[in-house]
Amino acid sequence: MSTAPAPFKDPAAVASYTQDTPAKVPGLADLHRMTTVLLGERAQSAADILVVGAGGGLELQAMAEARPGWRFTGVDPSPAMLDIARRTTAAHAGRIALLEGTVDDAPIGPFGGATCLLVLHFLDRAERLHSLREIRRRLAPGAALVTAHHASPDGEAERWLARSAAFAGRGGRDPAQGLASARAMAQRLPLLTPAEEEALLREAGFCTPALFYAAFSFRGWVAFAG
């Protein structure tokens with residue numbers, strides 16, 4: 001898995017991450033609640049959960065509040081984002097270990113569940129496959145993985161990214177600016193179609209991937225360690 005994208009390395013650039021992200025990702029708080037429900041179907045009441053891309057700490061905070069018996073290991077390649085995560089999750093610090101690095105640097109586990117939210121759209125197919133295989137290697141058999149990120153529904157990435165940009169702008173952005181932003185994102189992000197996403201999960205060793213979240217260009221899946 002590659003290092004953090006450049007914007008996430010700059011403390012000034014990510015200073016408002018916890019305020020900005022809920023405005024950009026439709027239903028982010030509900031996504032975190034659904035993630036907790038899906039993990040909880042297989043995870044024990046005292047499970048260890050792996051959080052890949054833990055910077056910011058928003059999903060960690062939500063899960064820690066909802067499941068007081070769970071312990072968490074979060075990994076992220078950005079020191080700046082990890083600093084935010086430490087502040088965000090300070091009330092639950094005793095149950096959360098935060099490590100600088102990628103999934104390759106995470107303990108071997110086995111973990112009772114894992115999340116990878118708003119991360120995989122930055123990785124090309126080979127990097128994604130490697131990351132998913134490393135997550136699978138760290139999960140107990142049958143444990144759930146929850147992923148969510150930008151995808152390319154119907155192969156129309158730019159159109160759906162423009163809709164996400166319009167949502168993030170809350171009506172205050174010039175439509176032309178939103179289209180330009182979507183075009184730049186479509187060129188920069190190696191997005192996959194939903195069918196390609198599910199095929200990749202299976203190739204990495206997960207079974208029965210199922211779509212549970214769809215919001216403009218964002219898609220989320222749950223799959224289980226085979």
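Values below: every heavy atom of this structure, side chains too, minus hydrogens, waters and symmetry copies.
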Q: Assess the residue pair H149 and E197 against the criterion (side chain to side chain donor-acceptor pair (under 3.5 Å)); give the C-alpha distance rounded to whole Å, side-chain angles, the decisive distance to 0.1 Å, and a yes or no.
A: CA-CA 10 Å; H149 44 268; E197 297 272 8; 3.0 Å; yes
Q: If you look at every heavy atom in A215 and S164, which pair is closest and at what distance?
A: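 Scanning both residues, the minimum pair turns out to be O-OG, 4.4 Å.
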Q: With E198, which residues qualify under side-chain contact (heavy atoms from CB on, under 4.5 Å), at least two apart?
A: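 In terms of side-chain contact (heavy atoms from CB on, under 4.5 Å), with neighbours along the sequence ignored, E198 is linked to R202, P209, W221.
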Q: Given side chains that start at C-beta, do those of V146 and L39 come closer than 4.5 Å, heavy atoms only?
A: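 Counting from C-beta outward, V146 and L39 do come under 4.5 Å.
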Q: Would you indicate whether the side-chain heavy atoms of D105 and L99 approach each other to under 4.5 Å?
A: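 Sidechains of D105 and L99: no contact.
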Q: Closest approach of G74 and A54, non-hydrogen atoms and distance?
A: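 It is CA-CB, 3.6 Å.
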Q: Between T115 (side chain only) and L117 (backbone N and O only), is there a donor and an acceptor less than 3.5 Å apart?
A: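 Checking the backbone N and O of L117 against the side chain of T115, no donor-acceptor pair under 3.5 Å is found.
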Q: Measure from the side-chain N and O atoms of D76 to the backbone N and O of S78, and report whether any donor-acceptor pair falls under 3.5 Å.
A: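 Yes: the side chain of D76 pairs with the backbone of S78.
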Q: Any chance you could measure S217, atom OG, to H121, atom NE2, to the nearest 0.5 Å?
A: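 Going from the OG atom of S217 to the NE2 atom of H121 covers 9.0 Å.
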Q: Looking at CD1 of I49 and CG of L60, how far apart are the two atoms once the value is rounded to the nearest 0.5 Å?
A: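 Between I49 CD1 and L60 CG, I get 10.5 Å after rounding to 0.5 Å.
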Q: Quick check: does any side chain N or O of R138 sit under 3.5 Å from a backbone N or O of E134, one acting as donor and the other as acceptor?
A: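 Between the backbone of E134 and the side chain of R138 there is a qualifying donor-acceptor contact (under 3.5 Å).
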Q: Output yes when a side-chain donor or acceptor of R42 lies under 3.5 Å from a complementary backbone atom of G142, and no otherwise.
A: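 Yes, the answer is positive, given that a donor and an acceptor are paired below the 3.5 Å cut-off.
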Q: Quick one: CD on E100 to CG on D83, what's the gap to the nearest 0.5 Å?
A: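 One gets 9.5 Å once the value is rounded to the nearest 0.5 Å.
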Q: Output yes when a side-chain donor or acceptor of T89 lies under 3.5 Å from a complementary backbone atom of Q61, and no otherwise.
A: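 Between the backbone of Q61 and the side chain of T89 there is no qualifying donor-acceptor contact (under 3.5 Å).
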Q: Mind checking what makes side-chain contact (heavy atoms from CB on, under 4.5 Å) contact with D124, not counting sequence neighbours?
A: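 If we apply the side-chain contact (heavy atoms from CB on, under 4.5 Å) test to D124, skipping adjacent residues, the hits are A126, E127, P190.
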Q: Take V51 and V75 through the test side chain to side chain contact (heavy atoms under 4.5 Å, CB included) and record every step on the way to the result.
A: CA-CA 6 Å; V51 178; V75 294; over 6 Å; no
Q: So, for C207 and G226, which heavy atoms are closest and what is the spacing to 0.1 Å?
A: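 Where C207 meets G226 most closely, the heavy atoms are SG-CA, 4.3 Å.
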Q: I'd like to check T36 versus R67 (side-chain heavy atoms, cut-off strictly below 4.5 Å). Are they in contact?
A: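 A side-chain contact exists here, since the closest heavy-atom pair is under 4.5 Å.
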Q: Quick one: pull up CZ in F111 and CG in L139 and give me the separation to the nearest 0.5 Å.
A: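 Here the interatomic distance stands at 8.5 Å.
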Q: If you take all heavy atoms of G57 and A85, which pair is closest and at what distance?
A: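 Scanning both residues completely, I find the closest heavy atoms to be N-CB, 3.7 Å.
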Q: I'd like to know if the side chain of T88 reaches the main chain of G56, judged simply by a donor and an acceptor atom lying under 3.5 Å from each other, with no hydrogens or angles considered.
A: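 Pair found, side chain donor or acceptor close to backbone of G56.
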Q: Taking all heavy atoms of P110 and all of A140, pick out the closest pair and write down the distance.
A: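 Smallest interatomic distance, heavy atoms only, reads CB-N, 3.8 Å.
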Q: Among residues at least two apart in sequence or on other chains, which ones pass side-chain contact (heavy atoms from CB on, under 4.5 Å) with L129?
A: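 Expected list: R125, R133, L200, E203, A204.
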Q: Would you say that S131 contacts V52 through its side chain, given a criterion of any heavy-atom pair below 4.5 Å between the two side chains?
A: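 Sidechains of V52 and S131: no contact.
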Q: Run M63 and H32 through side chain to side chain contact (heavy atoms under 4.5 Å, CB included) and show every step you take.
A: CA-CA 7 Å; M63 291 189 291; H32 293 158; 6.0 Å; no
Q: So, taking the atom named CD1 in I96 and the one named OG1 in T73, what distance separates them when rounded to the nearest 0.5 Å?
A: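 Nearest 0.5 Å value for the CD1-OG1 distance: 10.0 Å.
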Q: Give me the atom names and distance for the closest heavy-atom approach of A66 to P68.
A: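 That closest heavy-atom pairing would be O-CD, 3.5 Å.
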Q: Tell me whether the count of non-hydrogen atoms from other residues, nucleotides or ligands lying under 6.0 Å of CZ in R86 goes above 12.
A: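 Enclosed: over 12 neighbouring heavy atoms sit under 6.0 Å from CZ of R86.
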Q: List for me each residue that meets side-chain contact (heavy atoms from CB on, under 4.5 Å) alongside T21, sequence neighbours excluded, and say none if there are none.
A: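 side-chain contact (heavy atoms from CB on, under 4.5 Å) list for T21, sorted by chain: Y17, V25, L28, L58, L118.
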Q: Has S16 got a side-chain atom pairing as donor or acceptor with Q19's backbone, closer than 3.5 angstrom?
A: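 Not at all, since once roles are kept as given, no pair shorter than 3.5 Å links the two residues.
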Q: Evaluate L145 against V222 for side chain to side chain contact (heavy atoms under 4.5 Å, CB included), listing each step before the verdict.
A: CA-CA 6 Å; L145 165 67; V222 60; over 6 Å; no
Q: Evaluate the side chain to side chain contact (heavy atoms under 4.5 Å, CB included) criterion for residues F72 and L50: first the C-alpha distance (whole Å), next the side-chain angles of each, then the deciding distance (0.1 Å), finally the verdict.
A: CA-CA 6 Å; F72 304 90; L50 175 63; over 6 Å; no
Q: Please check this pair: side chain of R95 against backbone of W70, looking for a donor-acceptor N/O pair closer than 3.5 Å.
A: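 Side chain of R95 to backbone of W70, a donor-acceptor pair under 3.5 Å: yes, one is there.
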Q: When you measure from the side chain of S152 to the backbone of A157, do you find a donor-acceptor pair of N or O atoms at a distance under 3.5 Å?
A: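 Indeed, once roles are kept as given, a pair shorter than 3.5 Å links the two residues.
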Q: Going by salt bridge (Lys or Arg N to Asp or Glu O under 4.0 Å), name the residues that satisfy it together with R71, two or more places apart in sequence or in a different chain.
A: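 In terms of salt bridge (Lys or Arg N to Asp or Glu O under 4.0 Å), with neighbours along the sequence ignored, R71 is linked to D48.
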Q: Nearest 0.5 angstrom please: I135 CD1 to H130 NE2, how far?
A: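 It comes to 10.0 Å.
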Q: Treating R128 as the side-chain partner and L120 as the backbone partner, does any N or O pair qualify as donor plus acceptor under 3.5 Å?
A: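 Pair found, side chain donor or acceptor close to backbone of L120.
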Q: For residues 191-220, pull every pair meeting ring pair (Phe, Tyr, Trp, His ring centres under 6.0 Å), keeping only residues two or more places apart or in separate chains.
A: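 Residue pairs passing ring pair (Phe, Tyr, Trp, His ring centres under 6.0 Å), neighbours aside: H150-F218.
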